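Working notes, beginning with the structure itself.
Being a predicted model, the structure only gives us computed values, none of them experimental.
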Amino acid sequence: MTHEPQDLRNISMTLGTGFTVALFVRDRLALPVASDVPALAPRVEALAVPDDEAAALAAEWRAWWERLAEAPTGRVVGPASERLATVFDAVVDEARAWEAGNVRPNLFLSEDDLPDGYVPSPIGDPDVPVVYDVELVPVGDGWHRDLGPHRLLVSIGTWEDPAAMDALLRPRIERLQSRALPIPHAAPQVWHRVVDGQVFTAEARPHDPGSHDFRWENGPIEGYGFSIGTSTREPLSEDVLRREIQGFVEGLEA
């Protein structure tokens with residue numbers, strides 16, 4: 001995706017499939033976790049497990065959720081514990097199918113599909129561009145959670161409400177711009193890679209060192225891809241870029 005300066009349409013936006021899968025496990029097993037996160041909508045049929053097992057899985061689920069929040073945007077990451085990983089392996093395909101059947105992916109991946117009036121006006125200084133990552137999860141309306149200064153998790157109902165999204169994004173982007181330094185405009189670094197027959201374009205964010213956006217050129221949905229960033233803000237090597245693409249492709253095939 002492109003990231004024009006401070007235009008709210010040009011945020012990096014993906015389906016939060018990793019979080020959706022985790023919430024699917026939570027709702028399917030009726031785990032007593034993340035009570036502040038609404039249930040998936042439509043609701044998933046619960047298959048309750050014994051209380052002692054639910055308590056043990058809940059502790060592992062919380063660690064999994066924290067791991068997802070630290071993973072690259074748009075990435076599906078399995079739980080680290082063997083017990084919960086067994087549950088994950090058993091339901092991940094069903095969770096993906098549930099998401100595919102209940103989420104309209106074309107709604108999120110093209111500016112042409114955004115509601116009228118979604119962007120009332122650009123904001124901020126054009127010499128201080130800010131990229132902001134939003135991930136969407138199909139939970140009850142009117143919910144969001146900050147995952148970091150550049151990353152937001154929102155319900156689909158919130159995303160489809162232009163006034164709600166403007167109220168969320170505008171102050172966050174302005175806050176980031178107030179902390180940034182103006183930078184000269186420069187052509188972004190772009191790489192084209194073919195991995196296992198899949199064609200990707202990787203573009204470095206010149207205003208966000210260490211961050212790259214990947215576009216899946218021959219994928220089933222136009223404009224689909226993922227983003228990654230490093231905590232050190234160091235540029236990624238070509239070998240790392242290839243491994244990230246490989247992991248993304250393998251994750252889709254899993």
Side-chain angles (χ1 to χ4, degrees), residues 1-19 68-77 105-114 118-119 122 124 126-137 147-154 159 165 169 172-173 176-177 180 183-196 198-252:
M1 290 186 179
T2 59
H3 302 281
E4 298 298 331
Q6 79 291 316
D7 185 334
L8 299 188
R9 288 172 299 181
N10 294 310
I11 58 175
S12 174
M13 172 262 301
T14 61
L15 296 179
T17 301
F19 295 98
L68 283 166
E70 296 173 353
T73 302
R75 181 67 60 84
V76 177
V77 177
N106 65 326
L107 176 64
F108 314 119
L109 300 173
S110 169
E111 289 185 10
D112 294 336
D113 295 319
L114 292 174
Y118 186 84
V119 184
D127 288 329
V128 189
V130 170
V131 169
Y132 198 83
D133 294 320
V134 174
E135 290 179 83
L136 302 152
V137 289
L147 298 178
H150 293 263
R151 191 176 178 191
L152 185 69
L153 198 62
V154 300
W159 170 254
M165 284 306 302
L169 290 174
R172 286 165 171 78
I173 291 176
L176 289 171
Q177 288 184 317
I183 61 173
H185 293 289
Q189 291 182 289
V190 178
W191 296 265
H192 300 283
R193 293 290 178 269
V194 179
V195 177
D196 294 343
Q198 303 306 312
V199 182
F200 285 81
T201 296
E203 182 174 329
R205 301 179 186 174
H207 51 283
D208 191 6
S211 294
H212 295 71
D213 299 306
F214 294 76
R215 188 171 59 252
W216 190 6
E217 301 293 355
N218 62 340
I221 303 173
E222 183 179 357
Y224 191 58
F226 63 100
S227 300
I228 61 172
T230 62
S231 58
T232 63
R233 300 176 68 82
E234 293 294 326
L236 299 178
S237 68
E238 293 195 29
D239 286 343
V240 172
L241 294 176
R242 177 173 289 276
R243 286 200 300 271
E244 291 293 337
I245 293 172
Q246 183 77 51
F248 178 81
V249 172
E250 291 177 352
L252 292 172

Worksheet item: Going through the distances and angles, do Leu136 and Val154 end up as a side-chain contact (heavy atoms from CB on, under 4.5 Å)?
Response: CA-CA 5 Å; Leu136 302 152; Val154 300; 3.4 Å; yes

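Heavy atoms only, all atoms of each residue included: Val76 and Gly18 are closest at CG2-N, 3.9 Å. Nearest approach of Gly16 to Val137, heavy atoms of both residues: O-CG1, 3.7 Å. Shortest non-hydrogen contact noted between Val77 and Ala71 is CG2-CB, 3.6 Å. Across Ser227 and Asp213, no two heavy atoms sit closer than the pair OG-OD1, 2.6 Å.
No donor-acceptor distance shorter than 3.5 angstrom exists from the side chain of Arg75 to the backbone of Phe226, with no hydrogens or angles considered.
Taking the side chain as every heavy atom from C-beta outward, Arg151 and Thr73 approach each other to under 4.5 Å. The shortest side-chain heavy-atom distance between His192 and Val199 does not fall under the 4.5 Å cut-off.
Note: Leu147 CG to Leu152 CG = 7.0 Å, rounded to the nearest 0.5 Å. The CD1 atom of Ile228 sits 6.0 Å away from atom CG of Leu241, with the distance rounded to the nearest 0.5 Å. Distance check: Asp133 CG to Glu135 CD gives 7.5 Å after rounding to the nearest 0.5 Å.
Every residue two or more places apart in sequence or in another chain was checked for a side chain to side chain donor-acceptor pair (under 3.5 Å) with Asp239, and none qualifies. Partners of Thr17 under the side chain to side chain donor-acceptor pair (under 3.5 Å) rule, at least two apart in sequence or in another chain, are Glu99. Contacts of Arg193 classified as salt bridge (charged side-chain N to carboxylate O under 4.0 Å, His left out), with partners at least two apart in sequence or in another chain: Glu238. For Val240, the side chain to side chain contact (heavy atoms under 4.5 Å, CB included) test picks out Leu236, Ser237, Arg243, Glu244, with sequence neighbours left out.
In this pair, Phe248 and Phe200 present their aromatic rings perpendicular. The plane angle is above 60°, beyond the 30 to 60° band.
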